[in-house]
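Each remark here refers to the structure printed beneath this line.
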2 protein chains.
Amino acid sequence: MDNRSSAGDEAPAEPLNISSDSATASGTSETPFVGERIRELRHRQGLSQRELGRRCGVTNGMISLIEQNKTSPSVALLKKVLSGFPMSLADFFAGVDEGESPPVFFAAHQLKVMDNGTIRFRQLGDHLKGRAMQIMNETYPPGSDTGETMLTHEAEEGGFVIRGRIEITVGHQCTVLGPGDGYYFDSRLPHRFRNIGDETCELVSACSPPSF
Amino acid sequence: MDNRSSAGDEAPAEPLNISSDSATASGTSETPFVGERIRELRHRQGLSQRELGRRCGVTNGMISLIEQNKTSPSVALLKKVLSGFPMSLADFFAGVDEGESPPVFFAAHQLKVMDNGTIRFRQLGDHLKGRAMQIMNETYPPGSDTGETMLTHEAEEGGFVIRGRIEITVGHQCTVLGPGDGYYFDSRLPHRFRNIGDETCELVSACSPPSF
DNA sequence: CCATCGTGTTGAGTATATTTAACACGTGTG
DNA sequence: CACACGTGTTAAATATACTCAACACGATGG
């Protein structure tokens, strides 16, 4: 009935550890910022390790180890610790790797242009990493269509129609918008932009956080 | 020299456990959303537990346990898992307790209008609480001026000029932008918008997070 | 029918997170 | 000086996270 001796169930012939994968995605799984941020938050509130521990139901020793990055706390424990400040998990991780971004102005010809063949996107700025938003000026010729789109990551997007008309479908809702109209929705919902008129449509959109 | 036998070093006469603290701050230290979100993200990418595990260097069994909320992963492991999508810790926790916001379309006459006397702001949506962005269509008559503005809270803002010309000062930088040009800066820097031409200027701006 | 590949789950063993209770150092006081 | 109280750190014990390898179920194909 069973296949216990079947050939290679789970044969990790090679370690497959992160060693070679370390170049992938966002890195090495080390999280030194956790300890630093906890200590900073605690000091800002003028608390000792023991005081904080008593507030949130965690031992002082554990807080010491976390702050020294000698352990990587479980999500559950980290939540307990943060409840002593108080601060949410989202807020804790939100400000982790933000660098101070210098002010920038963009002349029209300096914008990053992406072209779909038909639809043209003019984006504010090139490298969006670390930015809160992706702002674009989009041009839809008559008949153009994005097809059904679905962003994998959590985001919100919205925008204004500048000229022309465009049909927007979000989830099960569908409308045609004209100049001065606007939209705002959760990017995880499937959405589609389609120019069903005979005039080119232009709009300005913003997405937070950036989708790429 | 030492005080090893000192009275009550660390005398937790009462358990002081979370039992009574459970009502404090943001709660019970349970994090059921972690498993749900991981599973959702994995399905959205069409990955099996084993595939995801191989990508990020975590065993399939561990992913199974996480998705069932039978364990609370360490921050380090969660980071490894997310690197398989890829998604940052910040993005993961950012959308944790947001209610699903319904898609919304706004006809031009339904926009919330705010008026400075001279400058007119037409805002996408009314109650911005819980939203990632504040998107506005702004109209600056000739001679209008915001004066020096400084937001107290951390935010970024940017936008496009639709028509007319406007002088924008951010920190120590100053430029005049025309149709098709754009800007993007950190809201904490002092900034000022001024129409020094003889034509009304219109622009679309976005700010994340919303300033009010 | 049995074998093979796929999936997700689970018990046992190992590594590590977390607690408990001590330790070391500094400060003020009798 | 001894002593009480403050801080942060740490060894040993315990609880739990994490891995490894199996198990159970379903689909496909000989």
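Chain naming here is simple, since letters A, B, ... match the order of the sequence lines and numbering starts at 1 in each. Excluded from the calculations below are hydrogen atoms, water molecules and symmetry mates; all remaining heavy atoms, backbone and side chain alike, are included.
- With distances taken from any side-chain atom of Val58(B) to the nucleotides dT19(D), dT19(C), dT7(D), the minimum falls on dT19(D).
- A distance of 9.0 Å separates CG of Asn60(B) from CZ of Arg54(B), quoted to the nearest 0.5 Å.
- Between the side chain of Thr71(B) and the main chain of Asn69(B), no donor-acceptor pair closer than 3.5 Å is present.
- Counting to the nearest Å, the C1' atom of dC20(D) and the CD1 atom of Ile63(B) are 14 Å from each other.
- Each of Arg42(B) and Thr59(A) was matched to the nucleotide of DNA chain C holding its nearest heavy atom; the match closer to the 5' end belongs to Arg42(B).
- In this entry the distance linking CZ of Arg54(B) with P of dC20(D) reads 14 Å, nearest Å.
- Contact annotation: Ser64(B) side-chain N/O to dT9(C) OP1/OP2 distance is under 4.0 Å.
- By the side-chain contact (heavy atoms from CB on, under 4.5 Å) test, Arg192(A) is found to be paired with Asp145(A), Thr146(A), Thr169(A), Arg194(A), residues two or more places apart in sequence or in another chain being considered.
- Side chain Arg50(A) to base dG6(D): no donor-acceptor pair is found below 3.5 Å.
- Atom CG of Leu52(A) is separated from atom C1' of dG8(D) by 13 Å (rounded to the nearest Å).
- Residue Glu67(B) is classed as having no contact, given no heavy-atom separation below 4.0 Å to the nucleic acid.
- Expressed to the nearest 0.5 Å, how far NZ of Lys80(A) lies from OG1 of Thr31(B) amounts to 12.0 Å.
- Looking at heavy-atom distances under 4.0 Å, Leu65(A) makes contact with a base.
- In this structure, Gln49(B) places its CD atom 13 Å from P of dT19(D), rounding to the nearest Å.
- For the pair Ile66(B) CD1 and dA17(D) P, the computed distance is 10 Å after rounding to whole Å.
- For the atom pair Met136(B) CE and Glu157(B) CD, the distance stands at 8.0 Å (nearest 0.5 Å).
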Between the protein and nucleotides 14-17 of chain C, which nitrogen or oxygen pairs are less than 3.5 angstrom apart?
from: dA17(C); atom 1: OP2; to: Thr71(A); atom 2: OG1; distance (Å): 3.3
from: dA17(C); atom 1: O5'; to: Thr71(A); atom 2: OG1; distance (Å): 2.8

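- Residue Ser48(A) is in sugar-phosphate contact alone, with no base atom involved, counting any heavy-atom pair closer than 4.0 Å across all strands shown.
- The shortest distance between the side-chain N/O atoms of Gln68(A) and the OP1/OP2 oxygens of dG8(D) is not below 4.0 Å.
- Applying the salt bridge (Lys or Arg N to Asp or Glu O under 4.0 Å) rule to Glu36(A) yields no partners; only residues at least two apart in sequence or on another chain are considered.
- If you measure from atom CG of Leu78(A) to atom C1' of dT18(C), you get 14 Å, rounded to the nearest angstrom.
- Rounded to whole Å, atom P of dG6(D) lies 15 Å from atom CG of Leu47(A).
- Put simply, the side chain of Ile162(B) does not reach to within 4.5 Å of the side chain of Phe160(A), judged on heavy atoms.
- Rounded to whole Å, the distance from CG on Asn69(A) to C1' on dT18(C) is 16 Å.
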